[in-house]
There are 2 protein chains.
Amino acid sequence: MERGGSGVPGGRRKQRVSMADVAKLAGVSSQTVSRVSNGHPGVIPATREQVLAAMRELGYRPNSAARALRYGQFNTIGVILFSLSSTGNSRTVEAIATHAAAEGYAITLIPIDVPTQDNVLGAFTRMGELAVDAVIVIMEIHLLDTGTVQLPPGVHVVVVDSDAGDRYSVVDTDQADGARQAVQHLLGLGHRTVWHVTGPQASFSGQRRAQAWRAVLEEAGRPVPPALYGDWSAESGYAAGLVLAETPDCTAVFAANDQMALGLLRAFHEHGLSVPHDVSVVGFDDTPDAAFFVPPLTTVHQDFAEVGHRCVQKVLQQIRSHGSGQPGTDLVPTRLVVRGSSAPPRG
Amino acid sequence: MERGGSGVPGGRRKQRVSMADVAKLAGVSSQTVSRVSNGHPGVIPATREQVLAAMRELGYRPNSAARALRYGQFNTIGVILFSLSSTGNSRTVEAIATHAAAEGYAITLIPIDVPTQDNVLGAFTRMGELAVDAVIVIMEIHLLDTGTVQLPPGVHVVVVDSDAGDRYSVVDTDQADGARQAVQHLLGLGHRTVWHVTGPQASFSGQRRAQAWRAVLEEAGRPVPPALYGDWSAESGYAAGLVLAETPDCTAVFAANDQMALGLLRAFHEHGLSVPHDVSVVGFDDTPDAAFFVPPLTTVHQDFAEVGHRCVQKVLQQIRSHGSGQPGTDLVPTRLVVRGSSAPPRG
DNA sequence: CGCCGTCATGTTTACGTAAACATGCTGTCA
DNA sequence: TGACAGCATGTTTACGTAAACATGACGGCG
C-alpha cells in the first residue's frame, strides 16, 4: 500500500517505474532493459544480471498500456452477457476465463442488466472503445439485428446461444439433440406422450428445446400437448406444475431446465403426486444440485466448460490467423443422465 | 468483419482509424479532433460538425491503449477469484460488473482454478502486468500471507470473504450475525440444541458461521454437539444427513449453505424423516431455488448485490481520493427468511 | 597489418492521445 | 488607428515500449 517515491521527500509523482528508471539505475540504455524484459538474446549475462537486479530493486512492471499501444493489441477478450446468475452462463464464463488465461489473455466482462435494444447497443459501443481484441457474445444475437450496431473492424466475434451461424462463428450446446434424448427417453419408458415446460420465448435455447420436443413427438406419431410457458425460474416451473398436477393424463414432463424441474417436483409433491410413479420429470442442464433433488433428477447434461473452451479456441484462432471468422455453428454434444425422477408410467 | 483500408488495393496495414486520419479528412489538426472527441468547448459548431462527419465516415473509435498511456489509468478493475460456480461468487461478480460499468469502469476477471500458493501468486503477478487500476479479491486472503506476494504500488485492493480487515479494506456479508439468527430461530422454536454442517475448514465464511453457531449455543447454555464437516456441496450435505438421520436426539440442523441443506433434505427424506416435523433444517444464502425445495427452505438471506456494490464504491473511492485504502471491515446485514423447513420439535 | 564480419549495446522513431503552449485572426475601446 | 483581449485552431511534446537502424569494439584471416 506504499505509494510514491520510496520515501524520498518531495519525491516525484512518478507513480510507476518505467524502463528508463531501470536503465538509469543499471547504467544501460532503456533498449537493453527492453531486451532483458522480453527475453531477447544478445545480452551478455553480466549486463542481464545488472538489469534484473535494478528491476527487482525498483519493482519494475511493464506498462501494458504502452505495450498495447506499441503492438496494437491488448491480449484481452471481451465477454458480453445478460446475466451471470444462470448456472450455465457463469460456468461458461468461468471456462472462458480459465482457458483464456492459459493462453495469456485476460477477460473483460460487459454485463447488460436489462436486455433492451439501447443497453445492448450501449454495451457494444463501450466495447468498441474498450481494450479488447475479440468479443464473445453470450446471448440472443437477434437483438442486434437492427443494423445500427457494429463492432469495430478487426474485432473478432464468437457467439453462444444463438442461431446466427450464417453470419457469425457460433458455439453452442446441442440443444436439439439434448431435448431429443430427453423426450425419447420418456417415450422409451412407455409414456404415451410428454408434456413440456418451456424457457422464455425470447430465448434461442428455449426455442430449440421446444422445437425438438415437438419434433420427436410428431415423428413418433404422438399427440402434442400444449406447451406450458416458463421463464427458467423455479417459480415458473412450480406454476406449471400446479396446472399439470390437475391434468389427469399427464404422466411425463420435460422441463427446459433443472430449476423449473425443481418447481415441478415441489408442485407435484404438494399435490400428493409421486415422482416418478405418478409422473416422470426430466430436466435440462444437470446442475450440481440436480442429483440431490427429491427424487434425484433425470436430466440432460450440458458441458459448459467445453463450450467455454471452444469459444476461446475459436476466437484465438481468428485473432491469430487474422481471419475474419468463418460463420458456422459448432455444437457441443450433451448426454442424458438417468436418475430417479423418470420411470415407466403406472399400470 | 471487413478489414483493411476500405477496399483500396494495396491499402496500408493501418487497421485502426486514428485521430490523424480523421483530422486529414476533416481538414483540421488532430488536436481539434481530440477536442471534439472529448467534448471540450472552444470548437465552433461548423468545425465540430465537419469533424463529427469525418469520424462517422471513417468509423473512428478512440484507442484506449493510447488513452490509458496518456492518463496513466485504465478505467478497469481486476477481480481475482477462485471460482464462479458458487452462486454467491457469481452474483457478487455480476453486481461488481454492473456497478463498475455504471461508473465507466470495466471488469477484468482473473480466475484461479486451483487455489495453490503458486497459482495465487501467479494471478497476482499477472495482475501486476495487467491493465488494472484496482483489484477486488474474492477469497481467503490468508493464502497470500507469505509476504512474497505484492501488488504493484498504486493498485488499490478491496477484499471479500476474509478477516484481513486489519490490513485491507474488507467488505463481507455479516456471516456471524446471519448464523446467529439461524441458530436463535431454531432455539426459539423450542429445540434443545442445534447441529451444524460446516463449510470447508479453509473457508473464512464457513469458519465464522461455525463460530457463531457455537457461541449462540454456549451463551444459551445448551450442549454443543460435534460439528459435521462439509465442503459446500449438496453431496457433502447428503453425507452429513445420513449420519444425522441415525442420530436420535437430532431435531434441528443449521447447514452452512443452501446446497448442503438440500443434501440434508434428501438424506432425511430417504430415511423417512419428515422435515420439519421430525427435524428442522435451516440453510444459508437464500439461493433463488431455496423457496422451491421440498419443503421450502428456511434460510439466511445474503445480499450479494449489495456486497458487490459496496466493493465497487470502496475501490472507486480509493482510486479517486488517491488514498491508500483505510483498512477496516464493512459488513452487509443478512436477514432470516422463514419458510417451511423449520418448526417446533415434535411433542 | 588492415579489412571486415560479428556481436553487444546505444539512438531514433513511431504507436495514438491530449495537455501545454503558440499562433493568428476578430473585434473593441482608448 | 493602434494595442490588446478573447477565442478558434495549430504545433510541440510526453506518456512507455520496442522495432529498426546506428555505433563501436574485438577478433580472425588474407
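Values reported hereafter were calculated over all heavy atoms of this structure, with side chains retained and with hydrogens, waters and symmetry mates removed. Naming: A, B, ... by sequence-line order, numbering from 1 per chain.
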Gap between atoms [atom1] and [atom2], on [X] and [N] respectively (whole Å):
X	N	atom1	atom2	result
A:Arg35	D:dA19	CZ	P	10 Å
A:Gln31	D:dT23	CD	C1'	14 Å
B:Arg48	D:dC7	CZ	C1'	14 Å
A:Asn75	D:dT17	CG	P	16 Å
B:Ile44	C:dT26	CD1	P	12 Å
A:Gln50	C:dA8	CD	C1'	13 Å
B:Phe74	D:dC15	CZ	P	15 Å
B:Tyr60	C:dT17	OH	C1'	7 Å

Exercise. Which is it for B:Asp133 and B:Tyr105 under the side chain to side chain contact (heavy atoms under 4.5 Å, CB included) test, yes or no, and what are the steps along the way?
Worked result: CA-CA 10 Å; B:Asp133 302 314; B:Tyr105 278 74; 3.7 Å; yes

Please tell me if [X] has a side-chain N or O lying less than 4.0 Å from either OP1 or OP2 of [N].
X	N	result
B:Asn63	C:dC15	no
A:Asn38	D:dA18	yes
B:Tyr71	D:dC15	no

Flag the pair [X] / [Y] as yes when at least one side-chain heavy-atom distance between them is below 4.5 Å, and no otherwise.
X	Y	value
A:Ile96	A:Ile138	yes
A:Val28	A:Val36	no
A:Val312	A:Thr98	no

Problem set entry | Under-3.5 Å donor-acceptor pair between B:Arg70 side chain and D:dG16 base | no

Classify [X] by what it touches in the nucleic acid, base, sugar-phosphate, or nothing, heavy-atom distance under 4.0 Å.
X	answer
A:Ser30	nothing
A:Ser37	nothing
A:Thr32	sugar-phosphate
B:Leu69	base
A:Val28	sugar-phosphate

Problem set entry | Step-by-step side chain to side chain contact (heavy atoms under 4.5 Å, CB included) determination, B:Ile136 to B:Ile107 | CA-CA 10 Å; B:Ile136 295 173; B:Ile107 289 299; 5.8 Å; no

With respect to the side chain of [X], which nucleotide from [options] is positioned closest?
X	options	answer
A:Ser29	D:dT9, D:dG16, C:dT11	C:dT11
B:Met19	C:dT17, D:dT9, C:dG10	C:dT17
B:Ala66	D:dG10, D:dA19, C:dG16	C:dG16

